[in-house]
Number of protein chains: 2
Amino acid sequence: MSKCEQCIIRQFNSLKSLTKDELIRISGCKTTKIIKKGEVIFDEGDKLNGVFCIKDGICKLSKLSENGKDQIVKLVVKGELLGQRSLISDERANLQATALNDMEVCFIPREEIVNDLQKNPSFTFDVLQQMAQDLKEADDVIVNMAQKSVRQRMAEVLINIHKSFGTNPDGTLSVLLSREDFASLVGTATESAIRVLSQFKKEGLISTVGKQIKIEDLEELSRIE
Amino acid sequence: MSKCEQCIIRQFNSLKSLTKDELIRISGCKTTKIIKKGEVIFDEGDKLNGVFCIKDGICKLSKLSENGKDQIVKLVVKGELLGQRSLISDERANLQATALNDMEVCFIPREEIVNDLQKNPSFTFDVLQQMAQDLKEADDVIVNMAQKSVRQRMAEVLINIHKSFGTNPDGTLSVLLSREDFASLVGTATESAIRVLSQFKKEGLISTVGKQIKIEDLEELSRIE
DNA sequence: GTGAAAACATGACAAATATCATATTTAAAT
DNA sequence: ATTTAAATATGATATTTGTCATGTTTTCAC
């Protein structure tokens, strides 16, 4: 089994604030899981008995609306933690987490994390800072959802994915999403999402190879209104 | 000057986790302000040099969208803190705070709060729990904005105000908002908000006395789809 | 009290988006 | 390789929501 204290992934999340001893302790009780694309990591209402540290892969956090449609709230990638919110509030999961490609995650039991939250203030503060950042991003999404058009929102989704998760060597977005997922991120019907992407393609803002998308004109895409 | 250690307001926010000594120290450097209805407490981009503890009144947190319209992200009332997010992230304010009625707030300088965050883990954890709750609520708002109709969102706004902030003795909502603010909460045009409220009135779901609103049929209002 | 400005209200129409129908392409299973 | 299902795509149309115009009511300063 791999050791947390030697794992470089933790540099990207709050676990970096743990001491060597704490990491060794966590290393001893964590479990590593392989999760297949499409698999649900946890569901709305699930009681989470710990947090997940994503070693590889990407997943979506979504919530089923009363009209039966899923809304993606956030994408979570390699390096980030999953499930801290529920653990801190001591509540059941508010969102569903689903793998978007094959993932490797480490599961750290609740007691270990809670222990560290109580005893290591700099870890707690780091978690707090991450949560504050998440809250800011969520506030911005609220404003966008409420005030911008589907076209604008799609442009921003593409730009965000490009900026946050990068591109493959050929320039295509490294995060591969279905049109349905794009719709669910933008908050629109799948047909509308497809139409907007088709339009972007016609306008030369993006190009596609299969379902791969490449941003051709980032400048113009960010000017859309 | 009033004393924090004797102030009952702190029971409603994270300051309750401070020790008596810490409260006395804060009491010595806080300043109390009276803010008039409509006054901006802080603006987007402002550098906040502390947090506000709301002793009385209510305010809105909003953000100006690129299309020039304000979107209200959250209402903050008596008992809650204002500005912690920016302080923790050490960033300029992401939102604007505007008084919705006459307010009394205590301003606590940044250094004092930061000091406590470093030295009192239970205070930090309390702030973290509050932030986690805010994040959950923000996620839910995202889903509603993206997936529900203006009619549904207005119904939820009315129900939330009713549940969270209560009613006057005559049953009208204790938080008095302009139609423009309702529109900005729902994320729609002012005219659309007015139309929906008029429709609710016609259907007997609410009644109005001037701009005061009274929920007449909470059951039916929550069934709207 | 009176006039002006702001807030509220409603109709008419335009624009954006959803829905339904139906191809077409791609991926998956056998 | 062939079949089948799923994903993508596009047109036609309905619905929702925004915008503009205009009238009414309320609020507020003087």
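None of the values given here were measured: they were computed from a predicted structure. When reading the values below, keep in mind they use all heavy atoms of this one structure, side chains included, and skip hydrogens, waters and symmetry mates. Residue numbers begin at 1 in each chain, while the letters A, B, ... track the order of the sequences.
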Main-chain N/O of [Y] paired to [X] side chain as donor or acceptor, under 3.5 Å:
X	Y	value
R153(A)	G187(A)	yes
S174(A)	F165(A)	yes
E80(A)	N13(A)	no
S222(B)	E219(B)	yes

Does [X] pair with [Y] as a salt bridge, N-O distance under 4.0 Å?
X	Y	answer
K214(A)	D170(A)	no
R195(A)	E191(A)	no
K78(A)	E104(A)	no
D181(B)	K60(B)	yes

- Result for 5'-nearest mapping on DNA chain D, choosing between E180(A) and G187(B), is E180(A)

- Query: Relative to the 5' end of DNA chain D, which residue comes earlier, R179(A) or R151(B), by the nucleotide with the nearest heavy atom?
  - Reply: R179(A)

Protein-nucleotide distance ([X], atom [atom1]; [N], atom [atom2]), rounded to Å:
X	N	atom1	atom2	result
L176(B)	dA7(C)	CG	P	13 Å
E191(B)	dA15(C)	CD	P	16 Å
D181(B)	dA7(C)	CG	P	10 Å

- Item | Close residues, residues 195-214 of chain B, relative to DNA chain C [heavy-atom separation under 4.0 Å] | R195(B), S198(B), K211(B)

- Start and end of chain A contact along DNA chain D [non-hydrogen atoms, under 4.0 Å]: dT8(D) to dA12(D)

- Message: For I194(B) and V150(A), find the nucleotide of DNA chain C closest to each by heavy atoms; which residue's nucleotide sits nearer the 5' end?
- Response: I194(B)

- Item | Degree of bending, the helix from dG1(C)-dC30(D) to dT30(C)-dA1(D) (end axes from five pairs; round to 10°) | 50°

- Query: Distance check: side-chain N/O of T188(A) vs OP1/OP2 of dT17(C), anything under 4.0 Å?
  - Reply: no

- Task: Using the side-chain hydrogen bond (donor to acceptor under 3.5 Å, both in side chains) rule, take N160(A) and S164(A) through it: C-alpha gap first, then chi angles, then the decisive distance, then the call.
- Result: CA-CA 6 Å; N160(A) 276 338; S164(A) 305; 5.1 Å; no

